[in-house]
Every structure is written in C-alpha cells, then in structure tokens.
**Student:** 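My structure is below; once you've seen it, I'll send some questions.
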Amino acid sequence: MRAAPQPLIVSLLALSLVSMVGIASCSRVQRSLGESLLDPGVGIVPSGDAGPPPGPDAEAPRELCKASDCPAPYTTCSSDTFRCETNSDSDNDNCGACGVKCPHGDEIRDFFGAEWSCQSGECRMTCDPRSLKADCNQNPADGCETDLGCDPTSCGACGVRCPDGLACREGNCGCPGGLTDCGGNTCRLAEDCVSLVADDNNCGACGIACPSEPAPPYPNTRLGCMHSECGQVKCEFGFDDCNQDIETDGCESDVFNDPQNCGMCKKKCAPGQFCLAGKCKCAPNETACSMGEGIVQCADLDSDPYNCGACGLACPMPTEGLGIEACRLGHCTIDCPSGYADCDGRVENGCETMVSADPRNCGACNVECDLAVEQPCVNGACLLEPCTGGGTQ
Amino acid sequence: MSSTNGKRRSRTPSGLLVATVAIAATQLWCASEEAVSPPEDGGSSSGPDAVSDAAAPDGETSSPACSDSFCRVSFPGMEAVSLDAVWARSASEVWLVGSTGFAARFDGATWRRIETGTKAALHGVAGTEDGTVWGAGSTQELLQLNRETGGKATAVDAGFKAMLDDLSAFGSEIYAVGTTIKTYEYPPPETPPMPDNIWRYGPSGDGGQPSWRPVSPPCPMGEYEPECQKLRAVWVESSERQWFAGDEGKIFRTDASSDADAGAPGRLRLVEMSSSSLRRLNGLWGFRGDDIWAVGDQGAIRHWDGEAWSVVASPAVANLHGVWGARSDDVWAVGEDGAVIHWDGTSWTVIDIPFSGEHRPLLRAVAGAGDDVWIAGEGVLLRSRRVTGGDR
C-alpha cells in the first residue's frame, strides 16, 4: 500500500503535467550551430602570442559571423550564470520554459517507480530501469504502477497473465523446473521457490521442517534434509565432500576458498588466481591487492580509483561541486559530467567550470569567445551565425 | 643528467583516448624502414624477439606518420598504455615506462620489452652512474630494470609504502617524489606511520650499503593527521641541492646553507621559493643551477636564472606535464592535447606533431640524447627527425 504523496511531489507532478500540455506546442527553431565551428581542442595559441588564446571561431569560414542572440532552444533563465546557458529542450529544471521542472530524483522514483525527464521541451515519463515496474495503464498520473515481477495479470510484461494456480515470480509464471512454489509472497525466486529434496524447512513437502538435531561426528557436517528425508548427513554451507568419503574426513573441501575446488568439487582456478566466495579471482587484467587482515581484493590498477596505479592508492575525491574521482591508465583524475570540466586543476572543488556555457572556457578550458561583442558560448561552442551584413567575422 | 617527468593529471576525454588508441593500433602493423630510426637515419633492423616499431604510412589514417619534427613510433603492447616516463643515458640506451607495468629499452636500433611481473603503473625512470636503471611506481614495484631476477626485472623492497611519481638521478643517488600509501590495520597501530613526499636512494652517510629511505621534512599537521604537500616533479642539481615542484605552484629547493637549522636527522631542509604561480607544476628540469625550467597546468612556464623564478610567455594553454632539454637553448615541453613546445634560447614556439584535431594525445614525458628526442604519452611514442646520431 502506498503512502500518501508528499505535497512537494504532488505539486511537482502537477507542474510537470501542466508543462507537458502547455509547453509541448513551443515551436523549435533550427539551430545554425555546429558543423562550421572549429575544433577548439588543440590547446595551443600561435607562437609568440602571450595574450589570450583565440576562440574556436578564429579560423571560421568567412560566411559565418559572431552572434550574440540565444538560438532556440537555448535561453537565459534567472538562475543562470551565463547567457544562453539553459537548453530548454533538455533541462529538467527549465523544460520548455524557464522554471518548468520535470519531477525527478530518488524520492519521485521511489514513489512512482518512474521519473520525468525533459525531452524535446516536454517532461516525459520513464520507468525506473532498476525495478520491474511498468506503466501498463498508460496513465502517467500514477507513474509506473504495475510490478511486472509480481503481478499475475502482467507477469514479465504488460498483459501477460499467468495460468490459474501459478504465481508470478520475478517476472516468470511459476518456479523453474525442480523447484516448488510453497506459497511465499516475496515474488522472488530464491525465497519462494524451494527444493523439496533438500530444503530443511520444506522437506518432501511444503511446510515440513526438519527438527534440530545434534551435529554428526564428521567435520563440517550437520543433519538435515536430503533426498526429501530429514535426519540425513549433509555438508555445512560452503563445504563439500569432494573425496566422497564423508565418514573419514566429513565435508573436507572449503568450496568458498579452495582454489582446487572453487564453488564446486574439482573446479580449479587458473594459476595466479585465488578462490573467493566460491568464485575464481582475479581476472587476467586484475591484481590481487592485500587489504590487510587477510582480506584480498581484485583490482584493475589501470582503472580502479581505490587502487590507482598501485594497490591501496586511493584517488582524492572532490569535497564539493560536481565530478567523481576516477583512475585512468594508472593516473588519478576526475570524471566530469557532460558540459563541465576541472579547469583549475584542483580536485577539492571538482568540475567547477561549465564549459558548455562559459564564454571564457567554451567547450574546453581557456577557450574564450569574443567577450567584446558578448558572443555567448552555446553548447560548448562560441556562437556563430550566417553573416547578414555588418556582422563581426 | 637528464630528468624525466611522469605526471598524474589527465583530462583528455575518454573518446580521445579511444581514438588515440585506435590510431596507434593502425600504426602497429605498418612496418617500414622508419621503424627503428627517423627517416633521416637510414633505418635499421629489428631482431626476431624485438618489438616492432613502426611509423604509419602516409594516407592510411587521418594523421600522417611524421610531422616536420617528429615521427610516430609504435610497437605491440603500447596502444592501451600510458607511457609515463622516458629517460636516456645516451642515444643507444633509452628507457620507457608506463601503466600496466610497461617497461621497454631502446638500444639504438630496437625497442625491447622488459618483463616486470606487475600490472601496476610505473611513473618514473632514471639511472645511476653504476649503470643501474630504476623504474618506479609504488614501492611494491620498485624495479631495477636492467637487473634480472627469475626472468623479470629485479624488485627491491624499499621498506615503506608509497607511490613514486617522478625520479631524478645524480651520480649514485636518486631522488623520488610521491605520496605515501595509507594502510588500514585493525586495530590501528598506536604510532601510525608518518606520511612522506620525498625519498632518496643512495649510500648512507656512514658509507653503508645504498638503500631507499624517506628524506622529506616532517609534513605539517592537517585537519586530522599530517598532510604532505603534493610534489609532482624533482630535479637533482647536485648531491647538495635538489629541486622539487608540485601543486599550487609550489617550488622548493634544499637548503644547503651552513647557517640553516639542523632540521630533523636524516631529513632534507627545504626552502620554498616564489614561483608566481598557483597552477600545479608538473615538470622540472635544469641545465645548471642557474638555468632551471618548471612547467605546469594551463601552459604555465617558469624559469630560474639563479636569482629568481620568472614568468615566461607560453604559447600553450593546455596542461604541460614534462620538460627536458639537451642544451640551454634547446628545451622541450610536452602536455595535453598533443602540446609540444620548444625553447630556442629566445622564445617558446609550438612544434607540430603527426596528430591532428581530436586525435591529439595526452603527452606526459620528454627526454633524449642531444637531438635524438623522445616524447611519450597515452598510447603514443614520438621520435625527433633531426637525429644527429651522437650522444651529447
């Protein structure tokens, strides 16, 4: 049962719905940007020039002039730092027009199983890909209301009905072969589908639990359900009787950690690998890093920000602003979201520069637009337009 | 003595890396007479166990194999590697190290891969006068590249855990800068190890066996624990004087004056110098004690003339990572976006490289012997075309 929506959520949703209707009719103007703009990325100014570097339009085709007016869908909203900063086609906080917010974020996603994002100037709903929720009734007002993992009338997909007597388990009708549905209500295969042959709580039939009995005198064994009968000697979880001699040495193989029997008997790990939780580690591109206390972790020293270039070398993380620490080819760096860059080289403040709109760092750090004519930086490029006579080339 | 400078900043978009790697990969199988030497050099052969090095034939990719000044050199295994440092004892002994445990040696004709037995990054390389060549990443990978043990470069236990970002040698000594790697133990030790940022390899003061040991002054207390200034480059002028550069435009040199405070035993005394820069300095190289260059982020270039550090007009706006010179009037600096600039004694000028547009790679280090100049970067190795063949 859902809790009542928070007032904030309701208002955001209402606003988004208004925006869907009201903004959808906004006309779009074909942009005159892009193909004629030059690559600003070489980062070098002409020799002997100690002054500021030229903008990316320094060698622009002659038929293009510097422009100053924002081209649609770019606009300048009151919260913007730079001119033409907002792309009203895709800005979730200014979708179609300044101030029109698309409901999004963790709270919205948790409640509706969906969130709204700005696409072509309209707030459009998408279901949370991390869940099995879907909008089967095609009504965005209740978000993605259907749980495809549990709903027997929409199991795995909208409208897929399970046969009578079969429940929906993780998007599938009924349990996989060999397992029995004992009527749990989690909708999860691992919890609701049991083996009546070996499940201590459902031994031979649903609900038949084996009694607790003293452990047998063999290492790593206990009494429980085997072959649908209680009181049978079986291995403790994580161990196996690989030598088939349980009365001599019990379940002698630690299949969680034994590289000769990793995960199951006779499954050998490759040379240089070790066995962790029943899986052979590390991958060929990884290094086994000792983390102390006997803990070993596999790390790709080329790309692991917690083991960058060497085991244990953690990359510093930004303490404010955008961006996350990253490791590239053994060097610590910051991964910046699209449109931002770390121009000052300081990790602490993250990706502090909006290279998508900053005319002093347009498209890349230190690439300046013509500030004298207020040439804006639009989508990472100094704005140009076809010359109409009198323009600044 | 030359110094190499492997640095850690990188902001090249991943797409650029992929493109660079793709370009490099296309060069890999393009064997040519230029494989071993620049075109003017006449070419030579590669041994059967040698890695092949080849320049791309013109017209096969969007970038030519050579520019007026440099040719690309490729060999298997370098495409997905950040080549972080290069060091040359002579034109016939050049060493190259990088990420994923990469190490290779050029003997004047052929590059040969060195088996290191590690996948850790090697950020610095330098040699001492006894012939030993050190490659360093973390101190778990402190390697004598030309000493073999069990088919691999000999690993040396330094006795401490640190990531070494740059090495510089003078005589029998090597200085390294980097960062102490924190270790987490439970329960935590009563006296946790103090962090350091400078280490030295060499004979001890009493004539004992050479060893690695930390020599940085005690690092100042931060908010919760001692925090060291991040140093990224070192150049050793002499046994008595060493130079260091790093974040926030910091430059230090050892205080060799007799009237200085004694300082902590076995530790350097450092004097901070005004660099007139708050930008990170990534590379340091000197010709003499009155002719030293520092380069850094956003094209920053500073020069020491024996009296003061001065700002030098830079033709680059990209971050510069490495600097090296053959003479006072023949200095090279390299950096991001394929930045290669040259000092001719009067001014710095941009030098063209055989990469264009978005394929321009991140270059991390430059070194060489005389006119034989090598530039290393992410998936790329360049060699100058104006080789004279002589060591300088």
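Atoms considered below: every heavy atom in the structure, side chains included; atoms not considered: hydrogens, waters and symmetry mates. Protein chains get the first letters and strands the later ones, always in sequence-line order, with residue 1 at the start of each.
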**Student:** How about B/Arg279 and A/Asp344: do any of their side-chain heavy atoms sit closer than 4.5 Å?
**Tutor:**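 B/Arg279 vs A/Asp344: side chains apart.
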**Student:** Does atom CD (A/Glu374) have a neighbourhood of more than 12 heavy atoms from anything else shown, all under 6.0 Å?
**Tutor:**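 Atom CD in A/Glu374 is not packed in, count stays at 12 or less.
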**Student:** When rounded to the nearest 0.5 angstrom, what distance separates CG in A/Leu301 from OG1 in B/Thr100?
**Tutor:**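 One gets 8.5 Å once the value is rounded to the nearest 0.5 Å.
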**Student:** What closest approach, in Å, do A/Gly345 and B/Asp297 show between heavy atoms, and which atom pair accounts for it?
**Tutor:**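 Minimum heavy-atom separation between A/Gly345 and B/Asp297: CA-OD2, 3.9 Å.
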**Student:** Quick check on A/Asn307 against chain B: is it the side chain, the backbone, both or neither that has a heavy atom closer than 4.5 Å?
**Tutor:**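 It is neither, since no heavy atom gets under 4.5 Å.
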**Student:** Are B/Glu248 and A/Arg346 packed together at the side-chain level, in the sense that at least one heavy-atom pair is separated by less than 4.5 angstrom?
**Tutor:**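 Sidechains of A/Arg346 and B/Glu248: no contact.
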**Student:** Above 12 or not: heavy atoms from other molecules or residues under 6.0 Å from NZ of B/Lys152?
**Tutor:**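 No, NZ of B/Lys152 has 12 or fewer neighbouring heavy atoms, counting only those of other groups under 6.0 Å.
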**Student:** Measure the SG-NZ distance between A/Cys282 and B/Lys119 for me, rounded to the nearest 0.5 Å.
**Tutor:**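 Interatomic distance, A/Cys282 SG to B/Lys119 NZ, rounded to 0.5 Å: 8.0 Å.
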**Student:** Could you check A/Arg328 against B/Glu378 for salt bridge (Lys or Arg N to Asp or Glu O under 4.0 Å), going step by step and ending with a plain yes or no?
**Tutor:** CA-CA 10 Å; A/Arg328 194 159 63 94; B/Glu378 288 194 350; 3.0 Å; yes
**Student:** Minimum heavy-atom separation for B/Ser99 and A/Leu329, please, with both atom names.
**Tutor:**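 For B/Ser99 versus A/Leu329, the nearest heavy atoms are CB-O, 3.3 Å.
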**Student:** Quick check on A/Phe274: does its CZ atom have over 12 non-hydrogen neighbours (other residues, nucleotides or ligands) under 6.0 Å away?
**Tutor:**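 Count over threshold, so yes.
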**Student:** Closest heavy-atom contact between A/Cys308 and B/Met163?
**Tutor:**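 Scanning both residues completely, I find the closest heavy atoms to be O-CE, 4.5 Å.
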**Student:** Is there a side-chain contact between A/Cys365 and B/Gln298 in this structure, where contact means two heavy atoms from C-beta onward sitting under 4.5 Å apart?
**Tutor:**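 The answer is no; the side chains never approach within 4.5 Å.
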**Student:** Work out which heavy atom in A/Gly309 is nearest to a heavy atom in B/Ala120; give both atom names and the distance.
**Tutor:**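 Shortest heavy-atom contact: O-CB, 3.1 Å.
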